Every structure is written in C-alpha cells, then in structure tokens.
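Below is one structure; the comments refer to it alone.
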Amino acid sequence: MSKQTFSLKELASRFDFEIKGDSAIEVSGLATLQSADGSQLSFLANPAYEKYLEGTHAAAVILSPSVYEKISSQEQQYTVLVHSNPYLAYAKLSRLWEAKVSEIVNGDNVHGTATVHESAVVSDSAIISAGAIIQSGVKIGDNSVIGANCVIGEDSIIGNNTLLHANVTLYHGITLGSDCIIHSGAVLGSDGFGFAPSEGAWEKIAQLGGVIVEDDVEIGANTAIDRGALDNTVIEQGVKLDNQIQIAHNVRVGKNTAMAACCAVAGSTTIGQNCVIGGASGIAGHLTIVDNVHITAMTMVIKNLTTPGVYSSGTGVQPNDKWRKSIARLRQLDKMAKRLSALEKIAKN
Amino acid sequence: MSKQTFSLKELASRFDFEIKGDSAIEVSGLATLQSADGSQLSFLANPAYEKYLEGTHAAAVILSPSVYEKISSQEQQYTVLVHSNPYLAYAKLSRLWEAKVSEIVNGDNVHGTATVHESAVVSDSAIISAGAIIQSGVKIGDNSVIGANCVIGEDSIIGNNTLLHANVTLYHGITLGSDCIIHSGAVLGSDGFGFAPSEGAWEKIAQLGGVIVEDDVEIGANTAIDRGALDNTVIEQGVKLDNQIQIAHNVRVGKNTAMAACCAVAGSTTIGQNCVIGGASGIAGHLTIVDNVHITAMTMVIKNLTTPGVYSSGTGVQPNDKWRKSIARLRQLDKMAKRLSALEKIAKN
Amino acid sequence: MSKQTFSLKELASRFDFEIKGDSAIEVSGLATLQSADGSQLSFLANPAYEKYLEGTHAAAVILSPSVYEKISSQEQQYTVLVHSNPYLAYAKLSRLWEAKVSEIVNGDNVHGTATVHESAVVSDSAIISAGAIIQSGVKIGDNSVIGANCVIGEDSIIGNNTLLHANVTLYHGITLGSDCIIHSGAVLGSDGFGFAPSEGAWEKIAQLGGVIVEDDVEIGANTAIDRGALDNTVIEQGVKLDNQIQIAHNVRVGKNTAMAACCAVAGSTTIGQNCVIGGASGIAGHLTIVDNVHITAMTMVIKNLTTPGVYSSGTGVQPNDKWRKSIARLRQLDKMAKRLSALEKIAKN
C-alpha cells in the first residue's frame with residue numbers, strides 16, 4: 001500500500017492548516033485518535049470522540065479553532081493543525097494515502113490480456129487492466145482506468161480521470177462522465193423492467209434509451225442503473241450512490257444527491273438536488289422528490305415529496321412479544337376508532 | 001446502435017395497424033410524444049400523456065380506436081396507426097430497434113479469448129463472447145449468446161435463442177431454457193443458505209439440488225437464484241424477474257409471474273402463476289402464494305396468501321416529526337386499547 | 001456431478017449412526033423422503049415431514065431415537081440410521097456428494113488463461129481457474145481455489161482451503177481466512193461510503209482501512225463488504241452471510257452470527273456473537289447489538305439492542321383495502337389519543 005511520508009509543514013501549506021507545534025515532524029498515514037501511533041496524523045470532528053484526544057499517541061491532530069482554544073492552555077504531546085473544518089480537511093488529506101490503482105505492466109497501459117476492439121478510441125494515458133473487454137466504438141478519455149475483467153459495451157463513452165474498479169459492466173450506449181468512480185459489480189445500462197401484458201403473459205419492451213452519468217459521480221459495488229425505455233436514465237453531476245442500489249429506467253437523480261446502500265428508485269421518478277436518502281429506502285415510480293429532501297433509512301416513499309424536509313416511515317424495532325401485540329392492535333385500529341366515536345356519542349348525551 | 005428504417009406500410013402489415021394518413025413515410029426509431037422528431041414513431045397508451053398528442057412532431061403515432069375517433073375530425077401532422085392495444089404494439093415494435101448483441105469477430109462465433117472446455121457441446125450458431133468461460137459438460141443451444149466474461153459451470157445446459165449479457169455466472173448443474181434473457185451480474189446456482197446448528201457454530205449443508213429456469217424467462221442485473229438443498233429451485237416459463245432480486249433455495253415461481261426489483265423470497269416458498277410482486281417486497285419461507293396475487297411494493301409477507309387479490313404492508317411516508325409521533329403512539333396502542341375498554345365499562349354503568 | 005456410492009456400514013462408522021436393518025446396502029445420494037428412490041438416503045428432522053416417512057422409497061432414513069422408537073414396532077422398507085441429531089447428521093453427510101470444484105487442466109493448477117503477477121505467492125496446491133487475475137503481492141494458501149474470472153487485488157491474503165466461486169472480486173489489502181467459501185458476485189473491500197459535505201457537494205474520504213474476514217466464514221452471492229475508513233471492517237470466525245447483503249465500513253460481525261439475504265448493516269455498527277438476523281433487515285450505523293440477539297425478517301433496527309432476545313418491526317401483510325384503512329387510522333393515532341384523554345377527563349367528572 002501507499003506509505004508516503006509528508007512533513008507537517010508541507011501538509012499545512014497544501015491544505016491550509018495553522019500549525020501549533022513542531023512543523024518538521026513527518027507523518028506517513030492517518031488513524032483514529034485511539035489507534036494512532038507516532039507516525040500518524042489524526043483528527044477530531046465529532047465531539048463524541050473528544051474524550052480520546054487526551055490519550056492519543058498521534059504525532060499531530062487536526063482540530064477546529066474552538067477545540068484548540070479549549071486545550072491550548074495545556075501542553076500537548078502532539079502538534080496541532082488548526083483548520084476551520086476538520087472533517088473536510090481529513091477528507092482531503094485522506095486522498096494522499098489512497099491506494100494507487102492497477103500498475104502499468106511493462107510500460108504498456110493496455111494489459112496483454114485485455115481485449116480492445118480496433119474501432120475503440122482509447123486515450124494513450126488511459127489504463128486498460130488485465131482481462132478487460134472494450135467493445136466496438138467505445139471511447140475512453142485521458143487518465144481513466146478500466147479495472148480487471150471490466151466489460152465496456154459498444155459505443156459507450158467514458159470521460160477523463162474516471163476509475164472503474166474490477167468487474168464493472170457497462171452495456172452498450174452508456175455515457176459516463178469524468179472524475180467518476182465505479183465500484184466492482186456495478187452494472188450500468190441493463191434493460192429497464194418494461195413489459196406489456198399480453199394474453200396472460202408478458203411481451204418484452206426493448207429498452208432503447210441509454211444511461212447518462214455526469215461528472216464527479218461515485219457508484220457503489222453491485223449497484224445497478226437501468227437504461228431508459230425511450231429517453232435516458234440520468235445521474236447528474238456530483239451524485240454519490242452507495243452499494244446495492246437499484247435505479248430503474250428513466251429515473252433522474254439530481255446534482256449532489258447522496259443515496260445510502262440498498263435504496264431502490266422505481267421508473268420515471270425524478271429526485272431533486274442535494275437530497276440525502278437513507279439506506280434501504282424505496283421510492284415508487286413516476287414520483288417527484290424536490291431538492292433538499294432528507295429521507296431516513298428504510299422509508300417507503302409512495303407519494304410526491306413537494307417540500308424540503310425530513311421524511312420517514314416504518315414502525316421501528318421492538319421486542320418480538322411487544323411487536324406482536326402492536327401488530328394485533330394495529331389490525332384493530334379501525335374498530336378502536338369506531339368504539340371511540342361511539343363513546344363520544346354517549347358522552348355528548 | 002441499430003438505426004434501421006421502415007416504411008409505415010411495412011410496419012402496418014407486420015404489426016397489424018390500420019393506417020390513417022401517409023403510409024409511404026419512413027421511420028427510423030421510436031420516441032415519446034414529447035421528444036419525437038419527424039423521423040420517429042410514437043404512441044399513446046396512457047391517458048395521462050394525451051396532452052402531448054397535439055404538439056407532437058412524431059411522423060406517426062399509434063393510437064387506440066377510441067382515441068383516434070376523438071381526434072379524427074381535426075387534421076393531424078402525423079400519420080395515425082390505429083391498433084386495439086397501443087402499448088402491446090409499442091412493445092412489439094420496440095424490438096425492431098433493439099441493440100444487436102456481440103459482434104462475431106473474424107467470422108468466428110467463439111471469440112479467441114473465450115475458454116471452451118473440450119467436452120462442452122456448443123451449437124455452431126451460438127456466440128461465445130470474449131473472455132467467456134464454458135466449463136466441462138456444458139451444452140449451449142442454437143443462436144444463444146454468451147456475453148463477455150460470463151462463466152458457465154460444469155454440466156449446465158442452456159437452450160436456444162437465449163441471451164446472457166456480460167458477466168453472468170452460472171454455477172454447475174443449472175438448466176436454463178430457451179428464449180431467456182439474463183442480465184449482467186446475475187448469479188444462478190449459488191448455494192442455498194443451509195446450515196445445521198452445532199455447538200454454537202454452523203455446520204454447512206451442501207446444496208445438492210440445482211436450478212431450473214424454463215423458457216421465456218428474463219432475469220435482471222445482479223439477481224441471485226440459489227440452488228436447491230436436495231430438490232431444485234424452479235423458475236417457471238414466462239417469469240420476469242427484475243434486478244437485485246434474491247430467490248432462495250427450493251423456491252418455485254409460477255408461470256408468468258413478474259417480480260420488480262429488490263424482492264426477496266425465502267426458502268421453499270411457492271409463488272403461483274400470474275402474480276405481480278412490487279419492488280423490495282419480502283416473502284418469508286415455506287409459504288404458499290396462490291395464483292393472481294398482487295403484492296404492492298415493500299410488502300412484508302409472513303403468512304400464506306390463499307386468495308387472489310391485492311396485498312400491502314408498511315406505514316407509508318410522513319414528515320419525520322409526525323412519524324415520530326406515530327411511532328410513539330404505536331407503542332402506546334396496547335395501553336390505549338385498555339383505556340378504551342375501561343371507558344366502555346364506565347359507559348355501561 | 002459427483003455420484004459416489006457408499007455402503008451404509010461405511011457411513012455408520014464415519015458419521016456415528018446406529019444401524020437398524022441391512023448395513024450392506026449402498027447409497028449414491030441424498031433426497032427428501034417424498035422424492036427418494038432406492039439408491040438414496042433420506043432423513044427426518046422436522047416433525048412436519050413425519051407424514052412422508054411411511055411411503056418413502058428411500059433405501060435408508062436417518063431418524064432420531066425417539067422417532068425410531070415410535071416406528072420400530074412396524075417393519076420398514078428402509079434401513080434406519082439412528083442418530084441423536086438427524087439434521088446435523090444430514091449436514092455432514094451432504095458434503096460427501098458436494099460438487100467438486102474447477103478441474104485441474106493438464107495437471108496445471110494455474111489455468112493457462114489466468115494472470116498471476118510475478119510477485120504473488122500462490123501455494124502449489126492452490127487452484128487458479130481460467131481468467132482469474134491475481135495482482136501483485138497477493139498470497140494464496142494451500143488447497144485454496146480461486147474461481148474463474150475472479151479478481152484478487154494487490155497485497156490481499158487468502159488462507160488455506162478457501163474456495164472462491166467464479167466472478168468474486170477482492171480489492172487490494174483484504175485479509176481472507178482459511179476454510180472460507182465466497183460466492184459469485186461477492187465484493188470484498190469496496191470503498192466505505194465516506195464523504196465530507198463541502199459547499200453543497202461531497203468531498204470523497206479515501207477509505208484507508210481494509211477488510212478482515214476470519215476463518216470458516218461463508219459469504220453469499222452479490223454480497224458486498226466495504227473496507228474501513230481508517231480501521232478495518234471485520235467479519236469474525238464462523239460467520240455466515242447469505243446473498244445480497246451489504247456490510248458497510250467499520251462494521252464488526254461477531255463469531256458465528258448468521259445473516260439471511262438482503263440484510264444491510266450501516267457503518268461502525270458492532271454485532272455480537274451467535275446472533276441470527278432475518279432477511280432484509282436493516283441495522284442503522286454506530287449501534288451495538290449484543291450476543292444472542294435474534295432479529296426477525298425485514299426488521300428496522302434503529303437503536304442499540306442491549307439484551308439478548310427476539311426483535312421485530314413492520315406491520316405485516318394485509319389485503320390492500322384493509323391496509324389502506326390501517327394506514328389512515330395510523331395517521332389519526334395522535335388525534336385518537338387526544339380524544340381518548342378528553343373522554344377520560346369527562347369520565348372523571
């Protein structure tokens with residue numbers, strides 16, 4: 001793994017920290033306050049972890065100005081890197097130690113076991129890994145990386161600086177932007193689930209649209225995004241999709257929306273920008289969710305959400321015996337309501 | 001992509017339309033009423049879209065007799081193709097422009113980078129794409145297509161005209177019928193989840209059954225169908241499974257049943273024919289669901305469904321603050337019921 | 001498939017049965033009581049199937065002492081193998097007829113189409129199947145099997161006797177123990193879903209931790225286990241994960257816990273030992289679930305579970321019209337509670 005070393009002075013200048021303490025110290029990694037050793041850098045963003053600050057062995061810790069003020073009267077064993085947004089600073093720093101992808105073998109960006117169709121146009125700086133299959137008419141941009149055993153279907157287009165991990169599948173006619181990251185097992189462009197009923201059976205509707213994924217999108221492992229029936233399915237710029245997500249045909253996901261694992265969005269639904277959708281939520285089809293909607297985990301959205309805000313559903317967990325009583329009472333709710341009305345009538349008289 | 005052109009006259013004769021207007025017009029694709037241009041055909045099946053009929057630029061539109069009657073008094077810019085079932089007509093037409101699969105390279109149906117075991121029997125007309133691996137004893141029928149990097153396990157049998165997209169995995173001993181379509185990431189024949197408790201740990205039960213998928217079945221991306229413990233897991237003819245579905249060991253899914261994305265069916269459950277199961281529904285094990293059952297999305301089926309009809313569960317979405325109150329009240333339901341009874345006693349006296 | 005034949009005498013001695021009847025009989029497979037023929041062995045563990053005992057054509061049946069006692073007065077057509085735990089005995093026997101994995105081709109454990117980096121250390125007894133890609137620094141132990149088209153990322157370590165079915169993806173820096181089974185489509189080590197909010201968009205947090213899977217773990221098809229942000233994601237010894245599961249970054253799953261299909265566990269949650277988690281359950285992040293917790297299917301766990309026991313959530317299924325009434329009443333619960341209180345006030349006065 002990447003074990004690069006940096007001086008705090010260098011990091012402070014690159015990432016805009018104010019150094020309080022020894023700036024010559026070198027660090028070669030990041031760790032939690034509890035686990036860090038003297039070669040590592042740490043950070044405090046969540047007050048819940050403040051208790052770990054005192055005993056940390058980290059060489060340096062990123063702190064907000066207010067936390068620094070709290071502790072500055074005492075002497076620290078660690079150098080403090082003051083930053084207005086420690087969590088964001090941690091995010092940016094973390095990229096320094098990110099694993100490098102697929103080595104170039106023998107100075108050749110296209111692995112000997114990769115199959116690249118002669119009509120594909122692949123940038124010289126793109127890396128095509130072992131076993132990857134690039135089909136006819138495909139275009140791949142500068143510095144993009146196609147992981148081992150990926151399959152890129154006919155006429156698909158991938159932008160620059162985009163990384164596909166191993167075993168990603170793009171069907172034909174997919175447009176994938178620049179600066180994207182696609183995780184293993186993801187499938188882009190499978191047929192939307194379109195069938196016309198016919199004499200008790202189902203007549204398949206060919207899905208003639210495509211998938212458009214704009215720039216700066218991350219798509220998690222085993223997530224599937226279906227191609228549209230006629231128009232495209234669209235994932236807008238900056239969207240972050242976790243693992244095991246299902247995006248049906250003709251869905252549009254708005255800019256910067258983040259969706260946690262196992263969500264499912266049914267066909268032709270439009271989700272606004274800057275939404276946050278909790279894991280395992282389901283959104284029915286042909287709905288509109290406006291911008292800035294926050295849906296909590298495992299929520300069942302079966303109507304338009306027309307106002308920004310937080311939305312939830314579900315009963316939450318209970319001990320099984322209490323839950324059984326709840327469900328039994330739930331079944332009686334209609335009768336209970338009627339009994340209540342009857343009592344109110346009596347009370348009136 | 002496929003950009004074939006057809007005259008309306010030819011389409012009318014192939015697909016049983018009545019032409020009202022210029023039949024010599026040629027079309028080279030399908031589009032929605034709103035998006036279509038003068039080279040494209042469109043259709044109206046859902047009354048909700050009727051408003052788009054007037055302004056459409058489509059060269060021709062498929063309409064039902066009743067809609068045609070409504071508009072025939074006015075002059076249309078488009079040719080009308082009258083059909084009793086526009087949605088079904090659209091479905092059939094859509095296949096004309098469906099993307100062609102995996103090109104044959106150098107006149108050879110078996111790609112140079114595919115691995116085919118010498119004991120496998122592969123029809124001369126079948127296409128084995130780049131990187132596909134066909135293991136011993138496999139049989140593949142006429143005109144079937146095995147996509148790039150697929151793996152077909154020992155002794156599995158695939159019928160005729162069946163299409164596997166890239167990166168599909170069949171374990172050993174799977175029977176897959178004719179006229180099927182399997183999408184990328186699908187897995188057929190993984191071990192059913194079988195374990196015997198033993199001294200606090202789990203003893204694995206080898207799954208000795210197989211998977212039988214009958215003809216005309218479509219299986220979505222990243223869907224998994226487990227092999228049976230002793231008998232087979234069976235997907236009957238005409239079934240349509242969407243993406244991200246889980247079918248456990250020894251489940252039987254009846255003819256023409258359609259299951260939307262993210263459904264899960266636990267072991268040994270039998271689902272009848274012509275059922276429609278909404279996305280992200282879960283069906284417990286060892287249950288029987290009769291024919292013609294419609295389960296709405298995210299429904300939790302934990303008992304037999306013995307009568308055709310529509311079934312649902314869940315609380316539906318609310319603003320988070322209202323939802324919290326609902327859940328708090330749900331916890332008090334038992335007490336509320338008792339308070340109600342107490343009041344009724346008082347009322348009696 | 002494996003069609004090995006064994007005498008009952010041999011099985012009795014290997015698996016600790018008491019034979020009642022002809023011990024010379026040979027069996028060549030296992031089957032259910034209903035399906036078995038005279039070449040097969042069967043068993044009775046679940047009283048619900050006792051009715052099938054009388055008419056079975058099985059050559060031999062594994063029975064508990066108490067069931068044997070019940071039937072021993074009558075003559076059976078089958079030999080009885082008495083065992084104190086028929087289900088466990090069945091589990092152990094089933095392994096005899098388990099399909100053998102990937103043949104060795106030409107006496108070479110590394111298939112000609114596999115790609116093995118020169119710095120990888122692969123045991124001579126390990127099998128690397130067709131199309132598999134083993135990247136730099138990888139270590140693979142004795143008798144392990146890497147299935148067709150698997151990708152094993154840089155510096156990952158796999159123990160002994162571990163089986164990866166086809167199309168499994170390990171990212172870099174993954175530790176996978178001995179005696180594990182990983183099913184197709186599983187992904188180990190994808191990035192945890194970590195992003196810091198920044199000016200309306202999301203700044204990626206590189207996931208610098210890894211995944212540690214201990215010995216004797218089984219991971220189902222299309223299951224994804226994310227790598228940790230700084231520390232590791234850990235799956236402890238003996239855990240059994242079904243298909244389509246999502247394990248987020250920094251989750252720890254305790255020894256011998258079993259999780260049915262489609263479960264999702266959010267980041268930094270710790271699950272105890274010997275838990276059983278029903279299918280499609282969701283467990284929120286940063287929670288602690290103690291040992292010996294049983295969560296029923298489709299349960300939404302949004303708080304710590306600090307006591308062993310059974311936990312549930314959800315409304316269960318109802319006919320759609322009744323369900324609509326339930327939901328309507330659920331929305332009125334707050335008002336109903338207030339009306340109840342009002343009536344109680346009146347009753348007091």
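Values in this document were obtained by computation on a predicted structure and should not be read as measured data. Numbers restart at 1 for each chain; the letters A, B, ... are given by sequence-line order, proteins then strands.
For T299(B), the parts lying under 4.5 angstrom from a heavy atom of chain C are both the backbone and the side chain. For T307(B), no part lies near chain C; criterion is any non-hydrogen pair under 4.5 Å. Only the side chain of I346(B) comes within contact range of chain C, with at least one heavy atom under 4.5 Å from a heavy atom of that chain. Interface residue S184(C): backbone and side-chain heavy atoms are both found under 4.5 Å from chain B. Interface residue A280(B): only backbone heavy atoms are found under 4.5 Å from chain C. For a residue to count as touching a neighbouring chain, one of its non-hydrogen atoms must lie under 4.5 Å from one of that chain's; by this rule A48(C) does not touch chain B. The contact between C150(B) and chain C is made entirely by backbone atoms, counting heavy-atom distances below 4.5 Å. Of the atoms belonging to A201(B), heavy atoms from both backbone and side chain fall under 4.5 Å from chain C. If you measure heavy-atom distances from S326(B) to chain C, the contacts under 4.5 Å come from both the backbone and the side chain. Contact annotation for L333(B): only side-chain heavy atoms (C-beta onward) come within less than 4.5 Å of a heavy atom of chain C. Interface remark: N149(B) contributes backbone and side-chain atoms alike to the contact with chain C (heavy atom separation under 4.5 Å). Using a 4.5 Å cut-off between heavy atoms, S313(C) touches chain B through its backbone atoms (N, CA, C, O) alone. The contact between L340(B) and chain C is made by backbone and side chain atoms together, counting heavy-atom distances below 4.5 Å. Only the side chain of I327(C) comes within contact range of chain B, with at least one heavy atom under 4.5 Å from a heavy atom of that chain. Residue contact with chain B, scored on non-hydrogen atoms closer than 4.5 Å, involves the side chain of S35(C) exclusively. Contact annotation for V168(C): neither backbone nor side-chain heavy atoms come within less than 4.5 Å of a heavy atom of chain B. Interface residue Q244(B): backbone and side-chain heavy atoms are both found under 4.5 Å from chain C. Heavy-atom distances place both the backbone and the side chain of A224(B) under 4.5 Å from chain C. Looking at N274(C), only its side chain comes within 4.5 Å of chain B, counting heavy atoms on both sides. Only the backbone of A31(C) comes within less than 4.5 Å of a heavy atom of chain B; no side-chain atom from C-beta onward does. The part of K325(B) that comes within reach of chain C is its side chain, from C-beta onward, which places non-hydrogen atoms under 4.5 angstrom from that chain.
Note that CE of M259(B) and CD1 of I247(B) are 4.5 Å apart. Values are rounded to the nearest 0.5 Å. Here the CD1 atom belonging to I157(B) is positioned 4.5 Å from the OG1 atom belonging to T175(B), to the nearest 0.5 angstrom. Of the inter-residue distances, the one linking L164(B) atom CG with I128(B) atom CD1 reads 9.5 Å to the nearest 0.5 angstrom. Here the CG atom belonging to L170(B) is positioned 4.5 Å from the CD1 atom belonging to I152(B), to the nearest 0.5 angstrom.
Nearest heavy-atom pair across V138(B) and G153(B) is CG2-O, 3.1 Å. Minimum heavy-atom separation, A266(B) to A248(B): C-CB, 3.6 Å. Minimum interatomic distance between W202(B) and V276(C) (heavy atoms only, all atoms of both residues): CZ2-CG2, 4.1 Å.
S129(C) contributes a side-chain N or O that, together with a main-chain N or O of I146(C), makes up a donor-acceptor pair within less than 3.5 Å. Looking at N232(B), its side chain does come within 3.5 Å of a backbone N or O of G210(B) through a donor-acceptor pair. D291(C) places a side-chain N or O within donor-acceptor distance of the main-chain N or O of Q273(C), the cut-off being under 3.5 Å.
Counting heavy-atom pairs closer than 4.5 Å to chain B, the top-ranked of the candidates C262(C), A91(C), A347(C), G220(C) is A91(C). With chain B as partner, the option from G314(C), G238(C), A130(C) having the largest number of non-hydrogen pairs under 4.5 angstrom is A130(C). When each of G185(B), G200(B), G316(B) is scored by its heavy-atom pairs under 4.5 Å with chain C, the top score falls to G200(B). Ranked by heavy-atom pairs shorter than 4.5 Å toward chain B, the options R95(C), M336(C), Q332(C) are led by R95(C). Each of N320(C), L30(C), L330(C) has some count of heavy-atom pairs under 4.5 Å with chain B, and the biggest count is that of N320(C). No other option in K204(B), E203(B), Q207(B) has as many heavy-atom pairs under 4.5 Å with chain C as K204(B). Interface check for chain C: of the options I302(B), D231(B), V301(B), T113(B), the most heavy-atom pairs under 4.5 Å are formed by D231(B). Of the listed residues (T315(C), D321(C), D242(C), L88(C)), the one with the most heavy-atom contacts under 4.5 Å to chain B is D242(C).
Ion pairing of D334(B) with K338(B) is present here, as a side-chain N (NZ or NE/NH1/NH2) and a carboxylate O approach within less than 4.0 Å. A salt bridge links D216(C) with K240(C): the distance from a Lys NZ or Arg NE/NH1/NH2 to an Asp or Glu carboxylate oxygen falls below 4.0 Å.
Judged purely by distance below 3.5 Å, without hydrogens or angles, the side chains of E218(C) and H183(C) pair a donor atom with an acceptor atom. No hydrogens or angles considered: nothing links the side chains of S268(B) and N250(B) as a donor-acceptor pair under 3.5 Å.
Other residues, nucleotides and ligands place no more than 12 heavy atoms under 6.0 Å from the CZ atom of R324(B). Surrounding NE2 of H57(C) are at most 12 heavy atoms belonging to other residues, nucleotides or ligands under 6.0 Å away.
Between W97(C) and F6(C), the two ring planes are perpendicular [angle over 60°; tilted spans 30° to 60°].
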